[in-house]
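Each remark here refers to the structure printed beneath this line.
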Amino acid sequence: MAQYTRVAGSVGLITLQNPPVNALSAMVRQGVVDTMERALSAPEVKSLVICGQKETFCGGADIREFGTKMSGPPLTPLIHAIEASTKPVVAAIEGVALGQTGASRGDSGSTAS
Ligand SMILES: CC/C=C/CC(=O)SCCNC(=O)CCNC(=O)[C@H](O)C(C)(C)COP(=O)(O)OP(=O)(O)OC[C@H]1O[C@@H](n2cnc3c(N)ncnc32)[C@H](O)[C@@H]1OP(=O)(O)O
């Protein structure tokens with residue numbers, strides 16, 4: 001899943017939650033879609049941060065779903081929706097960040113769309 005909270009008044013925080021590595025399961029992708037919609041429609045939210053939990057940003061595709069029927073929102077349109085966001089979106093990356101177009105393992109840092 002993805003948890004939505006509002007921090008520092010105007011910042012929407014989307015936390016990827018799928019132990020052990022916050023992989024992009026169907027539920028997580030749906031959670032990101034839902035929380036993005038919620039944050040973008042909230043006038044008090046001016047910017048968004050997407051983060052992982054437990055010192056891991058994201059392990060990429062959820063390998064437990066390999067070999068099963070694809071469900072949930074596909075990743076590429078989801079990424080495009082984030083990039084097209086009318087509010088700035090920052091990825092707060094700690095630890096592993098895998099999937100789709102690349103991979104990295106870094107210290108605490110951030111990238112912005
Ligand atoms: C949806 C769109 C698709 C896009 C394409 C992709 O994303 S392709 C990339 C898919 N991801 C991977 O192939 C990552 C595979 N995992 C790893 O490389 C490593 O596990 C790690 C994430 C770098 C972490 O390494 P580390 O040494 O810290 O831990 P472990 O290897 O011991 O793993 C710990 C437990 O986490 C489970 N796990 C790892 N990756 C995933 C994953 N992607 N999905 C679900 N679960 C994952 C692993 O099985 C271990 O579980 P245990 O129960 O403790 O055995």
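Keep in mind the model is a prediction, meaning the values are calculated, not measured. Each ligand, and each atom within it, is numbered from 1 in the order the structure gives. Every heavy atom of this structure was used, including side-chain atoms; hydrogens, water molecules and symmetry mates were not.
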Table please: side-chain donor-acceptor pairs of residues 38-59 below 3.5 Å, with sequence neighbours left out.
from, atom 1, to, atom 2, distance (Å)
S41, OG, E37, O, 3.0
S41, OG, R38, O, 3.1
K46, NZ, P43, O, 2.8

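Counting heavy atoms from C-beta outward, V28 and D62 have side chains that stay 4.5 Å or more apart.
Atoms of ligand 1 lying under 4.0 Å from at least one heavy atom of G60, given by number and element, are 7 (O). Within ligand 1, counting atoms from 1 as listed, the ones closer than 4.0 Å to a heavy atom of L75 are 2 (C).
Residue M27 qualifies as open at atom CE: its count of foreign heavy atoms under 6.0 Å is 12 or below.
V21 belongs to no hydrophobic cluster, as no Ile, Leu, Val, Met, Phe, Trp or Tyr side chain comes under 4.5 Å of its own.
For the residue pair A2 and T35, the shortest heavy atom distance occurs at O-CG2, 3.6 Å.
Distances from atom 37 (C) of ligand 1 to the heavy atoms of P20, A97, G59 put P20 nearest. For atom 43 (N) of ligand 1, the candidate residues are A61, G99, A23; the nearest heavy-atom contact is made by A61.
Contact annotation for D62 and ligand 1: heavy atoms of both the backbone and the side chain come within less than 4.0 Å of the ligand.
Remark: ligand 1 and I63 share an N or O pair separated by less than 3.5 Å (distance only, no angle test).
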